[in-house]
Amino acid sequence: MRVLVTGGAGYIGSVVVEELLAAGHLVTVLDNMSKGHADAVPPGVDLVRADLHEQELVEQLLRAAQIEAVVHMAADSQVGESVTAPGKYYRNNLVGGLRLLDAMLVTGVERLVFSSTAAVYGEPAQQPIDETAATCPTNPYGETKLAFEHALAWYERAHGLRYASLRYFNAAGASRRSGEDHHPETHLIPLVLQVAAGRVPHVTIFGDDYPTSDGTCVRDYIHVVDLARAHVLALSALADGSRIYNLGCGGVGYSVRQVVDAAREVTGAPIPVQFGPRRAGDPAILVASSERIRRELGWRPLQGELGTIVESAWTWLRAHPHGYAH
Ligand code: UDP
């Protein structure tokens with residue numbers, strides 16, 4: 001299939017592009033380069049620098065590249081920022097997304113895979129979380145992703161759009177050529193590895209008084225390549241109708257302390273920690289049930305061990321000590 005990947009120059013987007021190419025798809029990337037890296041896009045893939053708000057340009061691109069399906073990953077994705085700058089999230093994640101849907105409508109493109117998030121659930125009462133859990137976001141990031149999911153359902157009903165919404169838990173790790181290079185970095189695993197590399201003196205653990213086994217937050221880390229493979233499967237499954245899937249490794253998840261210990265083991269570095277207050281909006285535990293995608297699409301994580309995930313991120317960091325800058 002000829003596939004447009006919006007946000008394909010970003011951390012997860014670039015790995016999705018790799019997996020689509022490996023599965024034999026033809027890929028074009030659309031990215032406004034606000035966070036993306038041109039070097040993250042595999043050689044030979046067209047990178048179009050444009051914004052979703054430029055609807056006519058998007059329409060032209062869909063026509064010119066004869067796009068048959070879209071993987072929509074372009075979005076702002078920082079929970080904290082979304083609380084202080086909600087307008088940016090509504091504009092880019094919701095309004096920008098609607099412009100994309102309208103461009104698809106005008107040009108007759110009817111298939112879409114969407115990057116959604118566990119943040120649509122807010123602070124669920126039950127773990128692991130399955131797709132039938134109540135959606136009750138606690139921040140504009142989750143709220144705008146959920147609003148777009150709702151729009152997808154109505155576009156399906158009115159216009160026959162077929163979509164798959166993939167609700168990511170904690171994506172981490174790296175492929176051989178693509179890894180995490182955010183400025184500033186806020187995610188736990190890359191931060192811990194920056195400490196291991198001697199670039200940052202210590203990692204601050206946000207809260208050690210949560211109702212978990214060791215007092216620190218528990219998350220469901222999923223290897224970015226496993227996550228990307230799910231997009232390829234979801235794209236193929238669109239022929240049979242729309243769907244929503246959680247994507248995590250499930251099980252019991254890993255605490256922040258366990259992540260630090262895994263990174264100590266992988267790197268051999270001491271990784272000093274300090275304890276700070278809880279981060280606003282952090283639920284104690286977020287663990288997915290991914291039974292639905294396992295059952296319906298036969299997806300399963302191939303690199304679900306925390307050590308394997310951390311190891312891949314460490315390998316990428318050592319190969320790219322300055323990220324994509326050099
Ligand atoms: N975390 C932490 N210190 C940091 C960054 C993150 O203790 O410097 C914790 C955070 O509170 C959460 C977990 O690590 O419980 C994962 O955070 P991350 O930002 O990587 O992903 P999130 O779960 O927020 O999507």
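Every number for a ligand or one of its atoms is a count from 1 in the order of the listing.
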Side chain, backbone, both or neither: the part of Thr186 lying under 4.0 Å from ligand 1 by heavy atom: backbone
Heavy-atom nearest option to atom 17 (O) of ligand 1, drawn from Gln78, Arg279, Gln274, Arg219: Arg279
Which of the ligand 1 atoms, numbered from 1, are nearer than 4.0 Å to a heavy atom of Ile205: 7 (O)
4.0 Å heavy-atom contact, Tyr168 with ligand 1: no
N or O contact, Leu188 vs ligand 1, cut-off under 3.5 Å: yes
Mutual orientation of the aromatic rings belonging to His37 and His183 [parallel < 30°, tilted 30-60°, perpendicular > 60°]: perpendicular
Glu131/Arg167 salt bridge by N-O under 4.0 Å criterion: no
His231 and Tyr168 aromatic centres sub-6.0 Å: yes
His187 N/O under 3.5 Å from ligand 1 N/O: no
Residue selection (non-hydrogen contact nearest atom 11 (O) of ligand 1) among Leu286, Asp282, Thr117, Val192: Asp282
Sub-3.5 Å N/O-N/O distance, Phe206 and ligand 1: yes
Asp240 bridged to Arg162 by N-O distance under 4.0 Å: no
Joint hydrophobic cluster, Tyr90 plus Tyr141, side-chain heavy atoms closer than 4.5 Å: no
Polar contact flag for Thr204 and ligand 1 (N/O pairs, less than 3.5 Å): yes
Ring centres under 6.0 angstrom apart (Trp154, Tyr163): no
